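The structure appears right after this line, and notes come after that.
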Amino acid sequence: AQSVSQHNHHVILSEAASLELGCNYSYGGTVNLFWYVQYPGQHLQLLLKYFSGDPLVKGIKGFEAEFIKSKFSFNLRKPSVQWSDTAEYFCAVNGFSSGSARQLTFGSGTQLTVLP
Amino acid sequence: AAGVIQSPRHLIKEKRETATLKCYPIPRHDTVYWYQQGPGQDPQFLISFYEKMQSDKGSIPDRFSAQQFSDYHSELNMSSLELGDSALYFCASNQGGNTGELFFGEGSRLTVL
């Protein structure tokens, strides 16, 4: 079974501060890793994804994430946050078994509040 | 580009009533996933369909059922509704179930009174 842990439940930052949200996953095989963002009252939007190749992945809105296989981690980073980044962030993993994709498993989410 | 369409966007029901949510995947997507997101919670996988057959099953209550039709749209049927069923229900789709990335709809918000 696959699982995802997000250690920060609520993060409060001032504008221009740097952001790092932790994500660790548990799965024995090949995984795809994702970060989704959910603005208040809205649906999930893909920020970035890692399938293979360069472990440093760049996404939309200046976000990036680094896949560290040895640590089973996929932390999300942004050098300078903006007030508009206030949202809930979900890390998700999709484990592969015998070539068949399975459903996404989400972490519990991190609520980011950016103070103007 | 066309996205995943869900209807209705909002639904209010009484306890013990039934509700049906519909999901229209992105054209040429043959795999549909249903998720339930309770207030302040992460999305929980309910069920998925690939080529009109159930492909995976998560924490879907026995009171719920779903199917995928020949045009690949899917419906989630919920009966004997309980207060705890109040949630945002997301549908997602992809092609072949093998690409990893899921494309989400805007969700259907169900309120059970």
Side-chain angles (χ1 to χ4, degrees), chain A residues 1-10 21 23 25 27 29-53 57 59-60 67 74 87-111 113, chain B residues 1 3-7 9-10 21 23 25-26 29-51 53-60 66 68 74 87-109 111:
Chain A
Q2 55 198 28
S3 65
V4 181
S5 296
Q6 291 182 245
H7 310 296
N8 313 105
H9 296 295
H10 196 177
L21 301 182
C23 172
Y25 69 93
Y27 186 71
T30 303
V31 292
N32 293 335
L33 296 157
F34 306 83
W35 276 97
Y36 283 86
V37 61
Q38 186 176 32
Y39 298 101
Q42 295 191 23
H43 64 293
L44 293 158
Q45 299 175 44
L46 182 68
L47 268 181
L48 46 78
K49 61 189 177 187
Y50 172 80
F51 285 1
S52 64
V57 179
I60 62 171
F67 170 54
F74 190 56
E88 183 117 26
Y89 292 80
F90 291 97
C91 181
V93 64
N94 177 311
F96 279 75
S97 175
S98 301
S100 299
R102 298 188 59 197
Q103 76 284 357
L104 285 178
T105 297
F106 287 88
S108 55
T110 298
Q111 174 64 47
T113 301
Chain B
V4 177
I5 306 297
Q6 290 188 245
S7 67
R9 294 292 310 279
H10 299 273
L21 305 181
C23 170
I26 292 171
H29 281 192
D30 51 20
T31 307
V32 168
Y33 308 78
W34 285 98
Y35 284 82
Q36 177 192 56
Q37 186 180 27
Q41 299 187 5
D42 59 295
Q44 294 292 315
F45 171 70
L46 293 179
I47 195 167
S48 65
F49 293 87
Y50 168 64
E51 281 292 345
M53 299 287 289
Q54 180 182 308
S55 62
D56 218 339
K57 193 172 182 179
S59 52
I60 184 169
Q68 186 179 31
S74 178
L88 194 55
Y89 290 83
F90 287 112
C91 173
S93 74
N94 65 6
Q95 188 174 26
N98 230 358
T99 63
E101 181 177 354
L102 272 61
F103 297 84
F104 283 85
E106 297 195 346
S108 293
R109 184 170 296 281
T111 302

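Order of the sequence lines fixes the chain letters, A, B, ..., with proteins taken first and strands second; residue numbering starts at 1 for each chain. Please read all numbers here as calculations on a predicted model, not as lab measurements. FYI, side chains are in, hydrogens and waters are out, and symmetry mates aren't considered; it's all heavy atoms of this structure.
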Ring geometry between B/F90 and B/F104 (parallel below 30°, tilted from 30 to 60°, perpendicular above 60°): perpendicular
Please classify the contact between [X] and chain B as side chain, backbone, both or neither, with a heavy-atom cut-off of under 4.5 Å.
{"X": "A/F106", "result": "both"}
{"X": "A/L46", "result": "side chain"}
{"X": "A/Q38", "result": "side chain"}

Positive for side chain to side chain contact (heavy atoms under 4.5 Å, CB included) with B/Y35, one of B/L88, B/L102, B/I47: B/L102
Contact origin within B/Q37 toward chain A - heavy atom pairs under 4.5 Å: side chain
Toward chain A, the part of B/E106 with a non-hydrogen atom under 4.5 Å: both
Which of B/P43, B/G107, B/S48 touches chain A most, by non-hydrogen pairs under 4.5 Å: B/P43
Polar side chain donor-acceptor pair, B/Q44 to B/D42, under 3.5 angstrom: yes
Modelled atom types, side-chain donor and acceptor of B/N94 and B/Y33, under 3.5 Å: yes
Non-hydrogen atoms of B/W34 and B/S74 that approach each other most closely: NE1-OG, 2.9 Å
Minimum heavy-atom distance B/A66-B/F49, with the two atoms named: O-CZ, 3.2 Å
Top contributor to chain B contacts, counting heavy-atom pairs under 4.5 Å, from A/K49, A/Q45, A/Q111: A/K49
